[in-house]
Amino acid sequence: RRRCAMSPAAVVQGLALAALLVLSPAGAARQARRPNVVLILTDDQDVCLGGMTPLKKTNALIAQKGITFLNAYVPSALCCPSRASILTGKYPHNHHVVNNTLEGNCSSKLWQKIQEPYTFPALLKTMCGYQTFFAGKYLNEYGAEDAGGVGHVPPGWSFWYALEKNSKYYNYTLSVNGKARRHGENYSVDYLTDVLANMSLDFLEYKSNFEPFFMMISTPAPHSPWTAAPQYTKSFQNVSAPRNSNFNIHGKNKHWLIRQAKTPMTNSSVQFLDDAYRKRWQTLLSVDDLIEKLVKKLELNGELDNTYIFYTSDNGFHTGQFSLPIDKRQLYEFDIKVPLLVRGPGIKPNQTNKMLVANIDLGPTILDIAGYDLNKTQMDGMSLLPLLRGDKNVTWRSDFLVEYQGEGYNGSDPTCPGLGPGVTHCFPDCVCEDSYNNTYACVRTLSTSWDLQYCEFDDREVFVEVYNLTADPHQINNIAKTIDQEILEKMNYRLMMLQSCSGATCRTPGVFDPGYRFDPRLMFSNHGVRARRFSGQSL
């Protein structure tokens, strides 16, 4: 088995440790072993609307023992594209997973052929000799009969316990190393979050002690149907969704999909989203228990000090913002911003970091921890390891790309025929959360001088939304028509560059960086070219 490339200094150190191994096998083996890594991925957990509040144990065991990234984002606010970005380290336009359907490349045969062999877990296992463990939700269409069913085990996983299709808490099927295992609705043996915890503890008990390990634990919580463990169904009875300044207001000067939401929301809609918010928190209490069990087991095994633990979510969520009841998919902070906590060797406790980071950075970071040469990958992201170690004078990005291709069909929604064709995910009062032309791309910029978001829609209007988050953190006022024209042109050009970037070109200086170069002659002369730039993302 080939190992990750090591520096000459590391080779010398390794030889010295190998000599010690003869004299003291147990002690030397512990010293020589590369770090272990655990990645906990929740489903639809926001950070902007208080999503971390219920997780007291997680806060104490990870955040207070390590670092909290205050500006962590996803490049697409939807489960499957975002998870594909985590696994590949790539933007959606490079991994080509554009939504949660097989047609959108979610766990399709094409994805399996083109992308899965090069995910970071595959490299960890084949190139770095890590034993790898997966448990939980993988991709929304995983297990589809048209793409190999649950018999398909992606390359790179030594132990595979993957949920068929989308998040559930009871009455689901797991692929156990390619064999279907059906679960029912008995809490003590079937509640998925607890099942994942127990499988993880079993792995830590019975794994090999001669190889480093990587674990990815992907919980259903707090995704719908928001089924709490029985001991938590009475928790948070007095909690309701936050009434921020963008709650239950009309999304004026925004894309038509936001403007179509009914304001004010009906009492039944508000009650529904308050109930959903409360139940989401209830499901997260079992995740909190999972974290506690995991950390205790690592400590008992004597492995905690040599293990990095990452905690994050695949996307944010909204509950009533701009009168949209509940979902994700939108370009706003509440949907694209996620929690990211990390503890591990060399990370000082109780730190916060304001750098702009994205989930495309997780793969490069974990490979970097394992000692893999990142120049050998095609990943768009950057290793967070210098930030985790607290290195001085780190050159970092000031912007990144957000992109989404709307779901929707040519036919009208039968419950809302008046809205015409192309809408989807509609509520009974005909407020819809998505449409085929809810297709957009944004540059999210965070520099010393600007906290800005610039977005273009691929629709007949070629609608533009721009927000200055320093003055308007809840993104109420679209300043596209009043911002300086030169900034608008530079952001348009930067968006064009990022939408066609790959690998190192995704990490070039942003508009407000000292090294940025702008040539107005390269600007697009018409919107037709821009429209093709969007449609090229689809398959």
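Values below: every heavy atom of this structure, side chains too, minus hydrogens, waters and symmetry copies.
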_Parallel, tilted or perpendicular, as decided by the 30° and 60° cut-offs, for the rings of Phe427 and Phe272_ = perpendicular
Smallest heavy-atom separation, Ser313 atom then Leu41 atom, equals C-CD1, 3.5 Å
Heavy atoms of Tyr91 and Asp380 approach each other most closely as N-OD2, 2.8 Å
Looking only at side-chain N and O atoms, does Thr365 offer a donor or acceptor that is under 3.5 Å from a partner on Asp368? no
| message | Can you tell whether the side chains of Asp288 and Lys56 come within less than 4.0 Å, N to carboxylate O? | response | no
- Query: Salt-bridged, Arg397 to Asp361, with N to O below 4.0 Å?
  - Reply: yes
Would you tell me whether His318 and Gln330 have side-chain atoms, one donor and one acceptor, within less than 3.5 Å of each other? no
Practice task
Check for a donor-acceptor pair, side chain of Glu164 on one end and backbone N or O of Leu174 on the other, with a separation under 3.5 Å.
Solution key: no
For this session: Using only the SG atoms, establish whether Cys430 and Cys416 come within less than 2.5 Å of one another.
Result: yes
Inset, instruction - Would you check if Tyr404 and Thr439 make a side-chain contact, meaning some heavy-atom pair closer than 4.5 Å? - result: no
Quick check on Gln271: does its CD atom have over 12 non-hydrogen neighbours (other residues, nucleotides or ligands) under 6.0 Å away? no
Is the backbone of Glu403 close enough, under 3.5 Å, to the side chain of Ser76 for a donor and an acceptor to pair up by distance? yes
side-chain hydrogen bond (donor to acceptor under 3.5 Å, both in side chains) with Asp434: of Arg329, His425, Lys328, only one passes, and it is Arg329
Given the options Val338, Leu341, Asn359, Thr312 meets side chain to side chain contact (heavy atoms under 4.5 Å, CB included) only with Val338
*Arg444/Glu333 ion pair, N-O < 4.0 Å*: yes
Exercise for the section: Assess the side chains of Asn36 and Thr307: does a donor N or O sit below 3.5 Å from an acceptor N or O? Expected result: yes
Asp305 atom CG, neighbour heavy-atom count above 12 within 6.0 Å:
no
- Item | More than 12 heavy atoms of other groups within 6.0 Å of Gln378 CD | no
Nearest heavy-atom contact between Val153 and Gly178 is CG2-N, 3.5 Å
Item to complete: Report the C-alpha distance between Tyr138 and Trp160 in whole Å, list the side-chain angles of each, state the deciding distance to 0.1 Å, and finish with yes or no for ring-ring contact (aromatic ring centres under 6.0 Å, His included).
Response: CA-CA 10 Å; Tyr138 180 57; Trp160 179 253; 5.1 Å; yes
Do side-chain atoms of Tyr191 reach the backbone of Ala229 as a donor and acceptor pair under 3.5 angstrom?
-> yes
### Task
Start with the C-alpha distance between Tyr130 and Phe213, add both sets of side-chain angles, then the distance that settles ring-ring contact (aromatic ring centres under 6.0 Å, His included), and finish with yes or no.
CA-CA 5 Å; Tyr130 272 65; Phe213 62 83; 8.3 Å; no
Students often mix this up, so state it plainly: with edges at 30° and 60°, are the rings of Phe134 and Trp157 parallel, tilted or perpendicular?
perpendicular
Subject >> Main-chain N/O of Asp314 paired to Ser82 side chain as donor or acceptor, under 3.5 Å >> reply: yes
Of all heavy-atom pairs linking Cys79 and Asn315, the shortest is N-OD1, 3.3 Å
- Exceeds 12 heavy-atom contacts within 6.0 angstrom, atom OH of Tyr308: yes
* Is Arg280 salt-bridged to Asp275, going by a charged N under 4.0 Å from an acidic O? -> no
* Asked: Just by distance, with hydrogens left out, do Lys165 and Asn140 show a side-chain donor and acceptor under 3.5 Å apart?
  -> no
Nearest heavy-atom approach of Thr88 to His95 is OG1-CD2, 3.6 Å
Aromatic plane relationship, Phe133 with Tyr161 - under 30° parallel, 30 to 60° tilted, over 60° perpendicular: tilted
Residues Tyr142 and Val150: closest non-hydrogen pair is OH-O, 3.2 Å
| message | Using only atom types and a distance under 3.5 Å, with no angle test, would you say the side chain of Asn100 pairs donor to acceptor with the backbone of Cys80? | response | yes
From the list Lys297, Lys207, Lys296, salt bridge (Lys or Arg N to Asp or Glu O under 4.0 Å) partner of Glu303 resolves to Lys207
Exactly one candidate in Phe317, Tyr232, Phe236 meets ring-ring contact (aromatic ring centres under 6.0 Å, His included) with Trp281; the answer is Phe236
Under 3.5 Å side-chain donor-acceptor pair for Tyr187 and Gln231 = yes
